[in-house]
Protein chains: 2
Amino acid sequence: MTKPTPKRAWGQAIQNRDEQFEMKRQVVLRTAARTYSERGFHETTLADIAEELNISKPTLYYYFKNKDEILFECHRLGIEAITDGETPMPAAGSCTGRERLEEFLRRYVRMVVDDFGTCLVMTGPNALEPKNRGKVIEGRRKIDQMLRDILQEGAQDGTLDCPDPKMTAMFVFGAMNWLPRWYHSDGGLNIDKLTERLIAFVMRAIAADRCQS
Amino acid sequence: MTKPTPKRAWGQAIQNRDEQFEMKRQVVLRTAARTYSERGFHETTLADIAEELNISKPTLYYYFKNKDEILFECHRLGIEAITDGETPMPAAGSCTGRERLEEFLRRYVRMVVDDFGTCLVMTGPNALEPKNRGKVIEGRRKIDQMLRDILQEGAQDGTLDCPDPKMTAMFVFGAMNWLPRWYHSDGGLNIDKLTERLIAFVMRAIAADRCQS
DNA sequence: CATTTTGTTGACCCATGGGTCGAACAACAA
DNA sequence: TTGTTGTTCGACCCATGGGTCAACAAAATG
(Lines give C-alpha, C1' and ligand atoms only; values in the text may rest on other atoms or scores of the structure.)
Protein backbone atom coordinates (compact mmCIF):
# COMPACT_ATOMS: atom_id res chain seq x y z
CA MET A 1 0.00 0.00 0.00
CA THR A 2 2.64 2.49 1.05
CA LYS A 3 5.20 1.09 -1.32
CA PRO A 4 3.48 -0.42 -4.32
CA THR A 5 6.64 -0.13 -6.34
CA PRO A 6 9.01 -2.91 -5.39
CA LYS A 7 12.17 -1.53 -3.89
CA ARG A 8 15.49 -2.59 -5.31
CA ALA A 9 13.99 -2.91 -8.76
CA TRP A 10 16.79 -0.62 -9.73
CA GLY A 11 20.24 -2.06 -10.15
CA GLN A 12 19.57 -5.79 -10.58
CA ALA A 13 19.93 -7.97 -13.64
CA ILE A 14 23.31 -7.38 -15.19
CA GLN A 15 22.46 -7.30 -18.86
CA ASN A 16 23.94 -5.43 -21.73
CA ARG A 17 24.75 -1.82 -20.92
CA ASP A 18 22.24 -0.33 -23.31
CA GLU A 19 19.50 -2.71 -22.27
CA GLN A 20 20.16 -1.84 -18.66
CA PHE A 21 19.83 1.81 -19.52
CA GLU A 22 16.60 1.27 -21.40
CA MET A 23 15.22 -0.92 -18.67
CA LYS A 24 15.84 1.69 -16.02
CA ARG A 25 14.20 4.28 -18.22
CA GLN A 26 11.11 2.12 -18.38
CA VAL A 27 11.02 1.69 -14.63
CA VAL A 28 11.15 5.44 -14.19
CA LEU A 29 8.36 5.88 -16.69
CA ARG A 30 6.05 3.36 -15.07
CA THR A 31 6.58 4.87 -11.67
CA ALA A 32 6.08 8.36 -13.00
CA ALA A 33 2.95 7.38 -14.90
CA ARG A 34 1.42 5.88 -11.79
CA THR A 35 2.31 8.83 -9.63
CA TYR A 36 1.18 11.39 -12.15
CA SER A 37 -2.13 9.58 -12.45
CA GLU A 38 -2.71 9.30 -8.74
CA ARG A 39 -1.63 12.73 -7.56
CA GLY A 40 -1.66 14.73 -10.76
CA PHE A 41 1.28 16.04 -12.75
CA HIS A 42 1.83 19.30 -10.96
CA GLU A 43 1.30 17.78 -7.56
CA THR A 44 4.04 15.28 -8.27
CA THR A 45 7.58 16.48 -7.69
CA LEU A 46 10.63 14.89 -9.21
CA ALA A 47 11.76 14.25 -5.67
CA ASP A 48 8.64 12.16 -5.17
CA ILE A 49 9.41 9.98 -8.13
CA ALA A 50 13.04 9.68 -7.14
CA GLU A 51 12.12 8.73 -3.61
CA GLU A 52 9.76 6.03 -4.78
CA LEU A 53 12.63 4.51 -6.72
CA ASN A 54 15.20 5.02 -3.97
CA ILE A 55 17.35 7.13 -6.18
CA SER A 56 18.22 10.80 -6.16
CA LYS A 57 16.72 13.57 -8.20
CA PRO A 58 19.75 14.28 -10.37
CA THR A 59 19.78 10.65 -11.42
CA LEU A 60 16.47 11.22 -13.14
CA TYR A 61 18.19 13.83 -15.25
CA TYR A 62 20.66 11.26 -16.39
CA TYR A 63 17.81 9.36 -18.02
CA PHE A 64 15.54 12.20 -19.06
CA LYS A 65 15.91 15.75 -20.25
CA ASN A 66 13.34 17.18 -17.89
CA LYS A 67 10.05 16.64 -16.13
CA ASP A 68 8.14 17.41 -19.28
CA GLU A 69 9.87 14.74 -21.30
CA ILE A 70 8.93 12.12 -18.73
CA LEU A 71 5.27 13.00 -19.06
CA PHE A 72 5.51 13.12 -22.81
CA GLU A 73 7.00 9.66 -22.99
CA CYS A 74 4.20 8.34 -20.82
CA HIS A 75 1.65 9.83 -23.15
CA ARG A 76 3.46 8.53 -26.19
CA LEU A 77 3.48 4.99 -24.84
CA GLY A 78 -0.20 5.28 -24.01
CA ILE A 79 -1.05 6.39 -27.51
CA GLU A 80 1.09 3.74 -29.14
CA ALA A 81 -0.67 1.08 -27.11
CA ILE A 82 -3.69 1.65 -29.32
CA THR A 83 -2.41 2.88 -32.61
CA ASP A 84 0.28 0.19 -32.97
CA GLY A 85 -0.87 -2.88 -31.12
CA GLU A 86 1.10 -6.07 -31.76
CA THR A 87 -1.80 -7.36 -33.86
CA PRO A 88 -3.13 -4.64 -36.12
CA MET A 89 -6.77 -3.60 -36.09
CA PRO A 90 -8.74 -5.52 -38.72
CA ALA A 91 -8.80 -3.40 -41.84
CA ALA A 92 -11.87 -1.47 -42.82
CA GLY A 93 -14.12 -3.71 -44.93
CA SER A 94 -12.58 -6.94 -43.70
CA CYS A 95 -15.51 -7.38 -41.32
CA THR A 96 -18.60 -5.50 -40.23
CA GLY A 97 -18.44 -2.13 -38.55
CA ARG A 98 -19.98 -3.64 -35.50
CA GLU A 99 -17.27 -6.25 -35.20
CA ARG A 100 -14.56 -3.66 -35.62
CA LEU A 101 -16.21 -1.52 -33.00
CA GLU A 102 -16.14 -4.34 -30.52
CA GLU A 103 -12.48 -4.96 -31.19
CA PHE A 104 -11.70 -1.27 -30.79
CA LEU A 105 -13.54 -1.00 -27.48
CA ARG A 106 -11.76 -4.04 -26.19
CA ARG A 107 -8.39 -2.57 -27.08
CA TYR A 108 -9.17 0.85 -25.77
CA VAL A 109 -10.32 -0.41 -22.40
CA ARG A 110 -7.22 -2.53 -22.06
CA MET A 111 -5.10 0.48 -22.87
CA VAL A 112 -6.84 2.93 -20.63
CA VAL A 113 -6.51 0.65 -17.63
CA ASP A 114 -2.78 0.32 -18.12
CA ASP A 115 -0.43 2.74 -16.34
CA PHE A 116 0.42 4.73 -19.43
CA GLY A 117 -3.08 4.84 -20.79
CA THR A 118 -4.37 5.93 -17.42
CA CYS A 119 -1.75 8.64 -17.29
CA LEU A 120 -2.67 9.76 -20.79
CA VAL A 121 -6.29 10.16 -19.84
CA MET A 122 -5.89 11.50 -16.32
CA THR A 123 -3.32 14.20 -16.99
CA GLY A 124 -4.49 16.24 -19.93
CA PRO A 125 -2.08 17.48 -22.57
CA ASN A 126 -2.24 20.98 -21.07
CA ALA A 127 0.68 20.34 -18.80
CA LEU A 128 2.98 19.56 -21.72
CA GLU A 129 5.17 22.14 -23.38
CA PRO A 130 3.77 23.36 -26.73
CA LYS A 131 5.84 21.16 -29.01
CA ASN A 132 5.09 17.91 -27.24
CA ARG A 133 1.54 18.95 -26.62
CA GLY A 134 1.05 19.24 -30.35
CA LYS A 135 2.24 15.70 -30.91
CA VAL A 136 0.05 14.27 -28.19
CA ILE A 137 -3.00 16.13 -29.43
CA GLU A 138 -2.31 14.84 -32.90
CA GLY A 139 -2.08 11.30 -31.56
CA ARG A 140 -5.33 11.63 -29.71
CA ARG A 141 -6.96 13.07 -32.78
CA LYS A 142 -5.98 9.98 -34.73
CA ILE A 143 -7.52 7.70 -32.14
CA ASP A 144 -10.58 9.85 -32.19
CA GLN A 145 -10.78 9.49 -35.93
CA MET A 146 -10.43 5.73 -35.71
CA LEU A 147 -13.59 5.40 -33.70
CA ARG A 148 -15.47 7.88 -35.86
CA ASP A 149 -14.54 5.97 -38.96
CA ILE A 150 -15.65 2.73 -37.45
CA LEU A 151 -18.99 4.19 -36.46
CA GLN A 152 -19.39 5.64 -39.93
CA GLU A 153 -18.60 2.32 -41.49
CA GLY A 154 -21.07 0.56 -39.25
CA ALA A 155 -23.75 3.06 -40.14
CA GLN A 156 -23.13 2.36 -43.80
CA ASP A 157 -23.03 -1.41 -43.66
CA GLY A 158 -26.14 -1.36 -41.50
CA THR A 159 -24.68 -3.05 -38.43
CA LEU A 160 -24.69 0.12 -36.34
CA ASP A 161 -27.34 2.72 -35.90
CA CYS A 162 -25.92 6.02 -34.80
CA PRO A 163 -27.21 9.23 -36.32
CA ASP A 164 -24.23 11.36 -35.34
CA PRO A 165 -20.88 9.52 -35.29
CA LYS A 166 -18.91 12.44 -33.89
CA MET A 167 -21.16 12.93 -30.94
CA THR A 168 -21.55 9.24 -30.31
CA ALA A 169 -17.80 8.81 -30.36
CA MET A 170 -17.52 11.45 -27.66
CA PHE A 171 -20.06 9.71 -25.46
CA VAL A 172 -18.23 6.44 -25.81
CA PHE A 173 -14.81 7.95 -25.17
CA GLY A 174 -16.27 9.68 -22.15
CA ALA A 175 -17.53 6.44 -20.68
CA MET A 176 -14.14 4.79 -21.26
CA ASN A 177 -11.90 7.66 -20.25
CA TRP A 178 -13.73 8.01 -16.98
CA LEU A 179 -12.88 4.48 -16.14
CA PRO A 180 -9.47 5.03 -14.53
CA ARG A 181 -11.09 7.37 -12.04
CA TRP A 182 -13.11 4.68 -10.37
CA TYR A 183 -11.77 1.32 -11.48
CA HIS A 184 -8.82 0.05 -9.52
CA SER A 185 -7.29 -3.25 -10.47
CA ASP A 186 -6.78 -4.19 -6.82
CA GLY A 187 -10.51 -4.03 -6.15
CA GLY A 188 -12.87 -6.98 -6.37
CA LEU A 189 -13.99 -6.13 -9.88
CA ASN A 190 -12.16 -7.95 -12.61
CA ILE A 191 -11.31 -6.25 -15.82
CA ASP A 192 -12.77 -8.78 -18.26
CA LYS A 193 -16.20 -8.56 -16.75
CA LEU A 194 -15.99 -4.78 -16.83
CA THR A 195 -14.99 -4.83 -20.47
CA GLU A 196 -17.92 -7.07 -21.39
CA ARG A 197 -20.33 -4.88 -19.51
CA LEU A 198 -19.07 -1.79 -21.24
CA ILE A 199 -19.30 -3.41 -24.64
CA ALA A 200 -22.82 -4.56 -23.84
CA PHE A 201 -23.73 -1.04 -22.78
CA VAL A 202 -22.38 0.57 -25.93
CA MET A 203 -23.78 -2.09 -28.21
CA ARG A 204 -27.25 -1.77 -26.78
CA ALA A 205 -26.98 1.94 -27.35
CA ILE A 206 -25.93 1.85 -30.97
CA ALA A 207 -26.10 -1.64 -32.47
CA ALA A 208 -28.62 -1.80 -35.28
CA ASP A 209 -30.33 -5.06 -34.33
CA ARG A 210 -32.06 -3.81 -31.26
CA CYS A 211 -34.28 -6.75 -30.46
CA GLN A 212 -31.66 -9.34 -29.68
CA SER A 213 -28.86 -9.66 -27.19
CA MET B 1 -11.33 35.23 -27.88
CA THR B 2 -8.44 36.86 -26.09
CA LYS B 3 -10.69 38.60 -23.57
CA PRO B 4 -13.87 36.61 -23.10
CA THR B 5 -14.45 38.24 -19.75
CA PRO B 6 -15.85 41.72 -20.23
CA LYS B 7 -13.55 44.35 -18.85
CA ARG B 8 -14.89 46.92 -16.41
CA ALA B 9 -17.33 44.39 -15.03
CA TRP B 10 -15.84 45.37 -11.74
CA GLY B 11 -16.80 48.59 -10.05
CA GLN B 12 -20.14 49.47 -11.65
CA ALA B 13 -23.62 49.43 -10.17
CA ILE B 14 -23.63 51.22 -6.86
CA GLN B 15 -25.86 48.99 -4.80
CA ASN B 16 -25.89 48.21 -1.16
CA ARG B 17 -22.45 47.71 0.28
CA ASP B 18 -22.96 44.06 1.11
CA GLU B 19 -24.56 43.26 -2.21
CA GLN B 20 -21.68 44.92 -3.99
CA PHE B 21 -19.29 42.76 -2.03
CA GLU B 22 -21.19 39.60 -2.78
CA MET B 23 -21.50 40.53 -6.44
CA LYS B 24 -17.78 41.05 -6.83
CA ARG B 25 -17.16 37.73 -5.12
CA GLN B 26 -19.31 36.07 -7.72
CA VAL B 27 -17.47 37.75 -10.54
CA VAL B 28 -14.19 36.49 -9.19
CA LEU B 29 -15.59 32.99 -8.87
CA ARG B 30 -16.91 32.85 -12.41
CA THR B 31 -13.65 34.10 -13.83
CA ALA B 32 -11.68 31.69 -11.69
CA ALA B 33 -13.89 28.76 -12.64
CA ARG B 34 -13.44 29.46 -16.32
CA THR B 35 -9.71 29.90 -16.04
CA TYR B 36 -9.24 26.85 -13.85
CA SER B 37 -11.21 24.81 -16.35
CA GLU B 38 -9.33 26.02 -19.38
CA ARG B 39 -5.77 26.00 -18.10
CA GLY B 40 -6.07 23.81 -15.04
CA PHE B 41 -5.85 24.77 -11.39
CA HIS B 42 -2.11 24.61 -10.93
CA GLU B 43 -1.43 26.27 -14.24
CA THR B 44 -3.55 29.22 -13.22
CA THR B 45 -1.86 31.80 -11.03
CA LEU B 46 -3.72 34.26 -8.88
CA ALA B 47 -2.04 36.95 -10.94
CA ASP B 48 -3.76 35.50 -14.01
CA ILE B 49 -7.18 35.77 -12.45
CA ALA B 50 -6.46 39.26 -11.15
CA GLU B 51 -5.24 40.39 -14.54
CA GLU B 52 -8.35 39.12 -16.25
CA LEU B 53 -10.40 41.23 -13.89
CA ASN B 54 -8.11 44.25 -14.07
CA ILE B 55 -7.47 44.16 -10.39
CA SER B 56 -4.42 43.35 -8.32
CA LYS B 57 -3.53 40.15 -6.61
CA PRO B 58 -3.92 41.40 -3.03
CA THR B 59 -7.47 42.47 -3.83
CA LEU B 60 -8.35 38.85 -4.34
CA TYR B 61 -7.32 38.23 -0.78
CA TYR B 62 -9.80 40.80 0.35
CA TYR B 63 -12.56 38.59 -0.99
CA PHE B 64 -11.14 35.16 -0.38
CA LYS B 65 -8.95 33.51 2.20
CA ASN B 66 -6.67 31.84 -0.33
CA LYS B 67 -6.44 30.15 -3.68
CA ASP B 68 -7.83 26.97 -2.29
CA GLU B 69 -11.00 28.60 -1.03
CA ILE B 70 -11.69 30.01 -4.46
CA LEU B 71 -11.55 26.57 -6.00
CA PHE B 72 -13.62 25.11 -3.21
CA GLU B 73 -16.38 27.67 -3.69
CA CYS B 74 -16.46 26.87 -7.39
CA HIS B 75 -16.88 23.20 -6.62
CA ARG B 76 -19.50 23.92 -4.00
CA LEU B 77 -21.57 25.95 -6.43
CA GLY B 78 -21.23 23.22 -9.02
CA ILE B 79 -22.46 20.58 -6.63
CA GLU B 80 -25.32 22.71 -5.37
CA ALA B 81 -26.47 23.24 -8.93
CA ILE B 82 -27.62 19.64 -8.93
CA THR B 83 -28.40 18.76 -5.35
CA ASP B 84 -30.51 21.88 -4.67
CA GLY B 85 -32.05 22.95 -7.94
CA GLU B 86 -34.79 25.58 -7.71
CA THR B 87 -37.36 22.88 -8.47
CA PRO B 88 -36.57 19.73 -6.54
CA MET B 89 -36.11 16.41 -8.23
CA PRO B 90 -39.39 14.47 -8.38
CA ALA B 91 -39.50 12.22 -5.34
CA ALA B 92 -38.83 8.53 -5.65
CA GLY B 93 -42.06 6.75 -6.43
CA SER B 94 -43.84 9.82 -7.77
CA CYS B 95 -43.09 8.68 -11.31
CA THR B 96 -41.27 5.87 -13.08
CA GLY B 97 -37.55 5.35 -12.69
CA ARG B 98 -37.15 6.02 -16.35
CA GLU B 99 -38.80 9.41 -16.08
CA ARG B 100 -36.68 10.35 -13.13
CA LEU B 101 -33.59 9.25 -14.98
CA GLU B 102 -34.44 11.52 -17.87
CA GLU B 103 -34.93 14.45 -15.53
CA PHE B 104 -31.65 13.74 -13.80
CA LEU B 105 -29.71 13.53 -17.02
CA ARG B 106 -31.20 16.79 -18.19
CA ARG B 107 -30.20 18.54 -15.01
CA TYR B 108 -26.76 17.06 -14.90
CA VAL B 109 -25.93 18.07 -18.44
CA ARG B 110 -27.12 21.59 -17.79
CA MET B 111 -24.94 21.74 -14.71
CA VAL B 112 -21.85 20.26 -16.23
CA VAL B 113 -21.91 22.73 -19.08
CA ASP B 114 -22.06 25.69 -16.74
CA ASP B 115 -18.83 27.35 -15.57
CA PHE B 116 -18.93 25.90 -12.07
CA GLY B 117 -20.02 22.45 -13.13
CA THR B 118 -17.30 22.39 -15.74
CA CYS B 119 -14.77 23.44 -13.15
CA LEU B 120 -16.00 20.75 -10.78
CA VAL B 121 -15.51 18.09 -13.38
CA MET B 122 -12.32 19.35 -15.02
CA THR B 123 -10.25 20.01 -11.91
CA GLY B 124 -10.49 16.98 -9.70
CA PRO B 125 -10.75 17.28 -5.93
CA ASN B 126 -7.08 16.36 -5.58
CA ALA B 127 -5.98 19.95 -5.71
CA LEU B 128 -8.04 20.89 -2.68
CA GLU B 129 -6.70 20.89 0.84
CA PRO B 130 -7.81 17.85 2.86
CA LYS B 131 -10.72 19.44 4.72
CA ASN B 132 -12.39 20.94 1.66
CA ARG B 133 -11.56 17.89 -0.38
CA GLY B 134 -13.54 15.80 2.05
CA LYS B 135 -16.60 17.98 1.62
CA VAL B 136 -16.38 17.94 -2.15
CA ILE B 137 -15.92 14.21 -2.28
CA GLU B 138 -18.92 13.83 -0.01
CA GLY B 139 -20.96 16.02 -2.33
CA ARG B 140 -19.95 14.03 -5.34
CA ARG B 141 -20.74 10.85 -3.54
CA LYS B 142 -24.27 12.08 -2.96
CA ILE B 143 -24.77 12.87 -6.62
CA ASP B 144 -23.37 9.49 -7.43
CA GLN B 145 -25.85 7.89 -5.12
CA MET B 146 -28.73 9.80 -6.66
CA LEU B 147 -28.14 8.22 -10.03
CA ARG B 148 -27.60 4.78 -8.58
CA ASP B 149 -30.83 5.00 -6.69
CA ILE B 150 -32.68 6.07 -9.79
CA LEU B 151 -31.28 3.19 -11.77
CA GLN B 152 -32.16 0.81 -9.00
CA GLU B 153 -35.67 2.14 -8.86
CA GLY B 154 -36.05 1.81 -12.61
CA ALA B 155 -34.82 -1.75 -12.47
CA GLN B 156 -37.46 -2.53 -9.87
CA ASP B 157 -40.40 -0.86 -11.52
CA GLY B 158 -39.45 -2.46 -14.80
CA THR B 159 -38.83 0.72 -16.80
CA LEU B 160 -35.10 0.29 -16.90
CA ASP B 161 -32.99 -2.70 -17.65
CA CYS B 162 -29.52 -2.46 -16.20
CA PRO B 163 -27.95 -5.45 -14.55
CA ASP B 164 -25.38 -3.49 -12.58
CA PRO B 165 -26.49 -0.03 -11.41
CA LYS B 166 -23.12 0.99 -10.00
CA MET B 167 -21.25 0.22 -13.15
CA THR B 168 -23.89 1.66 -15.38
CA ALA B 169 -23.88 4.86 -13.35
CA MET B 170 -20.17 5.16 -13.94
CA PHE B 171 -20.53 4.76 -17.68
CA VAL B 172 -23.20 7.43 -17.76
CA PHE B 173 -21.26 9.84 -15.57
CA GLY B 174 -18.26 9.27 -17.78
CA ALA B 175 -20.14 10.18 -20.91
CA MET B 176 -21.44 13.35 -19.27
CA ASN B 177 -18.33 14.41 -17.41
CA TRP B 178 -16.33 14.16 -20.59
CA LEU B 179 -18.60 16.65 -22.21
CA PRO B 180 -16.87 19.88 -21.11
CA ARG B 181 -13.69 18.66 -22.77
CA TRP B 182 -15.11 18.83 -26.26
CA TYR B 183 -18.31 20.82 -26.13
CA HIS B 184 -17.90 24.57 -26.31
CA SER B 185 -20.93 26.75 -26.16
CA ASP B 186 -19.53 29.09 -28.78
CA GLY B 187 -19.39 26.29 -31.35
CA GLY B 188 -22.13 25.52 -33.84
CA LEU B 189 -23.61 22.77 -31.71
CA ASN B 190 -26.49 23.81 -29.53
CA ILE B 191 -26.92 22.44 -26.08
CA ASP B 192 -30.51 21.27 -26.31
CA LYS B 193 -29.81 19.05 -29.26
CA LEU B 194 -26.79 17.66 -27.47
CA THR B 195 -28.85 16.93 -24.39
CA GLU B 196 -31.49 15.09 -26.39
CA ARG B 197 -28.86 13.02 -28.16
CA LEU B 198 -27.26 12.07 -24.92
CA ILE B 199 -30.57 11.08 -23.40
CA ALA B 200 -31.40 9.05 -26.47
CA PHE B 201 -28.02 7.34 -26.23
CA VAL B 202 -28.41 6.43 -22.60
CA MET B 203 -32.05 5.42 -22.96
CA ARG B 204 -31.31 3.11 -25.81
CA ALA B 205 -28.62 1.55 -23.68
CA ILE B 206 -30.68 0.90 -20.59
CA ALA B 207 -34.40 1.54 -21.14
CA ALA B 208 -36.41 -1.63 -20.74
CA ASP B 209 -38.65 -1.28 -23.79
CA ARG B 210 -36.02 -1.90 -26.36
CA CYS B 211 -38.12 -2.13 -29.51
CA GLN B 212 -39.51 1.37 -29.63
CA SER B 213 -38.01 4.83 -29.84
C1' DC C 1 46.77 -0.86 -11.83
C1' DA C 2 45.98 3.28 -14.39
C1' DT C 3 42.59 5.45 -17.07
C1' DT C 4 38.57 6.34 -19.34
C1' DT C 5 33.61 5.86 -19.47
C1' DT C 6 29.37 5.27 -17.23
C1' DG C 7 26.25 6.15 -13.16
C1' DT C 8 25.07 8.51 -9.07
C1' DT C 9 24.71 12.07 -5.76
C1' DG C 10 24.94 16.16 -2.21
C1' DA C 11 24.81 20.77 -2.47
C1' DC C 12 23.54 24.53 -4.68
C1' DC C 13 20.97 28.07 -7.83
C1' DC C 14 17.01 30.69 -8.89
C1' DA C 15 12.43 31.64 -11.08
C1' DT C 16 7.85 31.10 -9.84
C1' DG C 17 3.96 32.09 -7.36
C1' DG C 18 1.12 31.90 -2.97
C1' DG C 19 0.63 34.85 0.65
C1' DT C 20 1.43 39.27 3.75
C1' DC C 21 1.84 44.18 5.18
C1' DG C 22 1.25 48.85 5.54
C1' DA C 23 0.17 52.69 3.15
C1' DA C 24 -3.01 55.07 0.38
C1' DC C 25 -7.55 56.02 -1.24
C1' DA C 26 -12.68 56.11 -1.31
C1' DA C 27 -17.09 56.45 1.01
C1' DC C 28 -19.96 57.46 4.44
C1' DA C 29 -21.08 59.32 9.06
C1' DA C 30 -20.94 62.91 12.67
C1' DT D 1 -13.86 68.99 8.45
C1' DT D 2 -12.54 64.88 10.83
C1' DG D 3 -12.82 60.31 12.21
C1' DT D 4 -14.14 55.62 10.83
C1' DT D 5 -14.79 51.90 8.03
C1' DG D 6 -14.43 49.62 3.60
C1' DT D 7 -11.49 48.80 -0.57
C1' DT D 8 -7.33 48.67 -3.35
C1' DC D 9 -2.57 48.14 -4.44
C1' DG D 10 2.84 48.34 -4.68
C1' DA D 11 6.34 46.17 -2.64
C1' DC D 12 7.95 42.64 -0.26
C1' DC D 13 8.68 37.76 1.91
C1' DC D 14 9.80 33.05 1.38
C1' DA D 15 8.80 28.05 0.64
C1' DT D 16 8.67 25.11 -3.15
C1' DG D 17 10.50 22.65 -6.70
C1' DG D 18 12.66 22.31 -11.45
C1' DG D 19 17.12 22.25 -12.98
C1' DT D 20 22.54 22.40 -12.75
C1' DC D 21 27.28 21.21 -11.42
C1' DA D 22 31.31 19.33 -9.77
C1' DA D 23 32.83 15.68 -7.34
C1' DC D 24 32.65 10.90 -6.33
C1' DA D 25 31.84 5.72 -7.14
C1' DA D 26 31.77 1.78 -10.19
C1' DA D 27 32.39 -0.62 -14.13
C1' DA D 28 34.70 -1.43 -18.32
C1' DT D 29 39.15 -1.09 -20.96
C1' DG D 30 44.01 -1.83 -21.89
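As a basis for the values below, the full set of heavy atoms in this structure was taken, side chains included, without hydrogen atoms, waters or symmetry mates. Letters go in sequence order (proteins before strands), and every chain restarts at 1. Remember, predicted model here, so these are calculated numbers, not experimental data.
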- Run the salt-bridge test on B:Glu51 and B:Lys57 with the 4.0 Å N-O cut-off and return the result as yes or no. no
- Message: Tell me the closest heavy-atom pair linking A:Met111 and A:Ala81, and the distance in Å.
- Response: CG-CB, 3.8 Å
- Task: Please say which of A:Leu60, A:Thr59, A:Asn54 ends up in a side chain to side chain contact (heavy atoms under 4.5 Å, CB included) with A:Ser56.
- Result: A:Thr59
- Of all the choices, C:dG7, D:dG6, C:dT9, which nucleotide is nearest to the side chain of A:Tyr63 once you look at every atom? C:dG7
- Item | Rounded distance in Å - CD1 (A:Ile49) to P (D:dG19) | 11 Å
- Task: Would you confirm whether B:Asp149, through its side chain, and B:Met146, through its main-chain N or O, come within 3.5 Å as a donor-acceptor pair?
- Result: no
- Message: Looking at A:Glu196 and A:Arg106, is any side-chain nitrogen of the basic one under 4.0 Å from a carboxylate oxygen of the acidic one?
- Response: yes
- Close side-chain approach of B:Ile49 to B:Tyr36, heavy-atom, < 4.5 Å: yes
- Task: Send over the distance from B:Phe21 CZ to D:dT7 C1', rounded to a whole Å.
- Result: 10 Å
- Query: Between A:Leu53 (CG) and C:dG7 (C1'), how many Å, whole number?
  - Reply: 15 Å
- Would one find a side-chain N or O of B:Lys24 under 4.0 angstrom from OP1 or OP2 of D:dT8? yes
- Note on the structure: From CZ of A:Arg25 across to C1' of C:dT8 the rounded distance in Å is 17 Å
- Task: Write down the distance between CG (A:Leu60) and C1' (D:dT20), rounded to a whole number of angstrom.
- Result: 14 Å
- Message: When you measure from the side-chain N and O atoms of B:Ser56 to the phosphate of D:dT8, is any distance below 4.0 Å, counting only OP1 and OP2?
- Response: no
- Task: For B:Gln20 and D:dT7, give me the distance from atom CD to atom P, rounded to whole Å.
- Result: 8 Å
- Is the shortest side-chain N/O distance from B:Arg17 to OP1 or OP2 of C:dC28 below 4.0 Å? no
- Query: Using a cut-off of less than 4.0 Å, is there contact between a side-chain N or O of B:Tyr62 and OP1 or OP2 of D:dT7?
  - Reply: yes
- Item | Geometric cation-pi criterion, B:Lys67 with B:Phe41: 6.0 Å, 45° | yes
- Message: Whole angstroms only, please: what is the CD1-P distance between A:Ile55 and C:dT9?
- Response: 7 Å
- Query: Out of D:dC9, C:dT9, C:dT8, which nucleotide sits closest to the side chain of B:Thr59?
  - Reply: D:dC9
- Task: Would you kindly give the CD-to-C1' distance between A:Glu22 and C:dT6, to the nearest whole Å?
- Result: 16 Å
- Message: Walk along nucleotides 15-20 of chain C from 5' to 3' and tag each nucleotide B, S or - by protein heavy-atom contact under 4.0 Å, base first, then sugar-phosphate.
- Response: --SBBB
